[in-house]
*Asks:* 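Before we start, here is the structure in question, set down as structure tokens.
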Amino acid sequence: QVQLVDSGGGSVQAGGSLRLSCAVYGYTYGAYCMGWFRQAPGKEREGVVALYTGGGTTNYEASVKGRFTISQDSAKKYLFLQMTSLRPEDTAMYYCAAGSVESSMCFYDSWGQGTQVTVSS
């Protein structure tokens, strides 16, 4: 289990961009996965994007595909979410997460504290 601290949220107008960061404290071993989730007021938390060991496999939620990009620094100590063409419906609290892979599934056990993203029309 690692400790995660996410940041980079803010308020932007529709069509704008934001880059979220997630600092990773500790190490991941074996097959691991990392991703971003979000939760809007009155709605359930949903997965935005996830990546698996080595970054070779990436899955994006349909509504963000083509607009959001997940990446890591070379040392794998930071996880990023580059968000472009933001829409009001992207408004939510965003959380980075990390976990282990088992049976091709990601089991998240580490979460950031959340960073707010607000998009105005």
Side-chain angles (χ1 to χ4, degrees):
Q1 187 176 34
V2 297
Q3 302 301 124
L4 307 176
V5 180
D6 42 31
S7 62
S11 298
V12 299
Q13 291 187 312
S17 301
L18 282 174
R19 186 180 182 85
L20 306 184
S21 298
C22 176
V24 182
Y25 298 92
Y27 299 91
T28 55
Y29 301 94
Y32 70 91
C33 48
M34 298 190 74
W36 290 91
F37 290 76
R38 66 185 181 186
Q39 185 170 28
K43 299 181 65 177
E44 296 183 3
R45 178 178 294 177
E46 66 174 355
V48 177
V49 59
L51 64 79
Y52 289 75
T53 306
T57 301
T58 306
N59 297 305
Y60 291 89
E61 194 276 325
S63 70
V64 308
K65 191 172 184 179
R67 299 189 298 119
F68 292 8
T69 302
I70 189 170
S71 63
Q72 291 179 292
D73 69 313
S74 59
K76 303 298 188 293
K77 292 302 178 182
Y78 290 92
L79 182 71
F80 304 103
L81 182 65
Q82 179 65 52
M83 306 183 293
T84 62
S85 301
L86 284 163
R87 306 164 180 170
E89 52 264 43
D90 292 320
T91 295
M93 184 73 75
Y94 284 70
Y95 303 85
C96 62
S100 59
V101 177
E102 185 174 343
S103 299
S104 300
M105 295 179 65
C106 183
F107 293 84
Y108 294 102
D109 57 11
S110 299
W111 297 82
Q113 79 285 356
T115 183
Q116 179 68 40
V117 171
T118 301
V119 185
S120 301
S121 61

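We use all heavy atoms of the structure for the numbers below, so side chains are in, but hydrogens, waters and symmetry mates are not.
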*Asks:* Are any non-hydrogen side-chain atoms of Val48 and Phe68 less than 4.5 angstrom apart?
*Replies:*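 Contact flag for Val48/Phe68 side chains = yes.
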*Asks:* If you link I, L, V, M, F, W and Y whenever their side-chain heavy atoms are under 4.5 Å apart, who else ends up in the same group as Phe80?
*Replies:* Tyr78
*Asks:* Taking salt bridge (charged side-chain N to carboxylate O under 4.0 Å, His left out) as the definition, give me every residue that meets it alongside Asp90, ordered by chain and number, with sequence neighbours left out.
*Replies:*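 Listed in chain order: Arg38, Arg67.
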*Asks:* Just jot down the side chain to side chain donor-acceptor pair (under 3.5 Å) partners of Gln82, sequence neighbours excluded, or say none.
*Replies:*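 So Gln82 forms a side chain to side chain donor-acceptor pair (under 3.5 Å) with Arg19.
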*Asks:* Provide the full list of salt bridge (Lys or Arg N to Asp or Glu O under 4.0 Å) pairs with a residue in residues 112-121, sequence neighbours left out, each pair given once.
*Replies:*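 Every candidate salt bridge (Lys or Arg N to Asp or Glu O under 4.0 Å) pair involving residues 112-121 fails, so no pair, neighbours aside, qualifies.
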*Asks:* Just jot down the side chain to side chain contact (heavy atoms under 4.5 Å, CB included) partners of Ala75, sequence neighbours excluded, or say none.
*Replies:*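 Asp73, Lys77.
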*Asks:* Before you tell me yes or no, could you show the steps for Lys76 and Met34 under side-chain contact (heavy atoms from CB on, under 4.5 Å), namely the whole-Å CA-CA distance, both residues' side-chain angles and the distance that decides it to 0.1 Å?
*Replies:* CA-CA 11 Å; Lys76 303 298 188 293; Met34 298 190 74; over 6 Å; no
*Asks:* I'd like to check the side chain to side chain donor-acceptor pair (under 3.5 Å) partners of Gln3; sequence neighbours left out, ordered by chain and number.
*Replies:* none
*Asks:* Within the 4.5 Å heavy-atom criterion, are Val24 and Leu4 side-chain neighbours or not?
*Replies:* yes
*Asks:* Does Trp111 sit in a hydrophobic cluster with other residues, and if so which ones, taking ILVMFWY side chains as linked at heavy-atom separations under 4.5 Å, directly or through other members?
*Replies:*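 Under the 4.5 Å side-chain rule, Trp111 groups with Phe37, Met93, Tyr95, Tyr108.
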*Asks:* Mind listing the side-chain donor-acceptor pairs of residues 96-105 below 3.5 Å, one per line with the distance, residues two or more places apart or on another chain?
*Replies:*
none

*Asks:* Working to the nearest 0.5 angstrom, can you tell me the gap between Leu79 CG and Ser71 OG?
*Replies:* 7.0 Å
*Asks:* Which atom pairs, donor and acceptor, lie under 3.5 Å between side-chain atoms of residues 113-121 and protein residues at least two apart or in another chain?
*Replies:*
residue: Gln113; atom: OE1; partner: Asp6; partner atom: N; Å: 3.3
residue: Gln113; atom: NE2; partner: Asp6; partner atom: O; Å: 2.6
residue: Gln113; atom: NE2; partner: Asp6; partner atom: OD1; Å: 3.1
residue: Thr115; atom: OG1; partner: Gly9; partner atom: N; Å: 2.9
residue: Gln116; atom: NE2; partner: Ala92; partner atom: O; Å: 3.4
residue: Gln116; atom: NE2; partner: Thr118; partner atom: OG1; Å: 3.4

*Asks:* Please give me the minimum heavy-atom distance between Tyr27 and Val2, naming the atom from each residue.
*Replies:* O-CG1, 3.2 Å
*Asks:* The test is side-chain contact (heavy atoms from CB on, under 4.5 Å); show your working for Leu51 and Trp36 and say whether it passes.
*Replies:* CA-CA 9 Å; Leu51 64 79; Trp36 290 91; over 6 Å; no
*Asks:* Side chain to side chain contact (heavy atoms under 4.5 Å, CB included) with Lys65: which residues, sequence neighbours excluded?
*Replies:* Tyr60
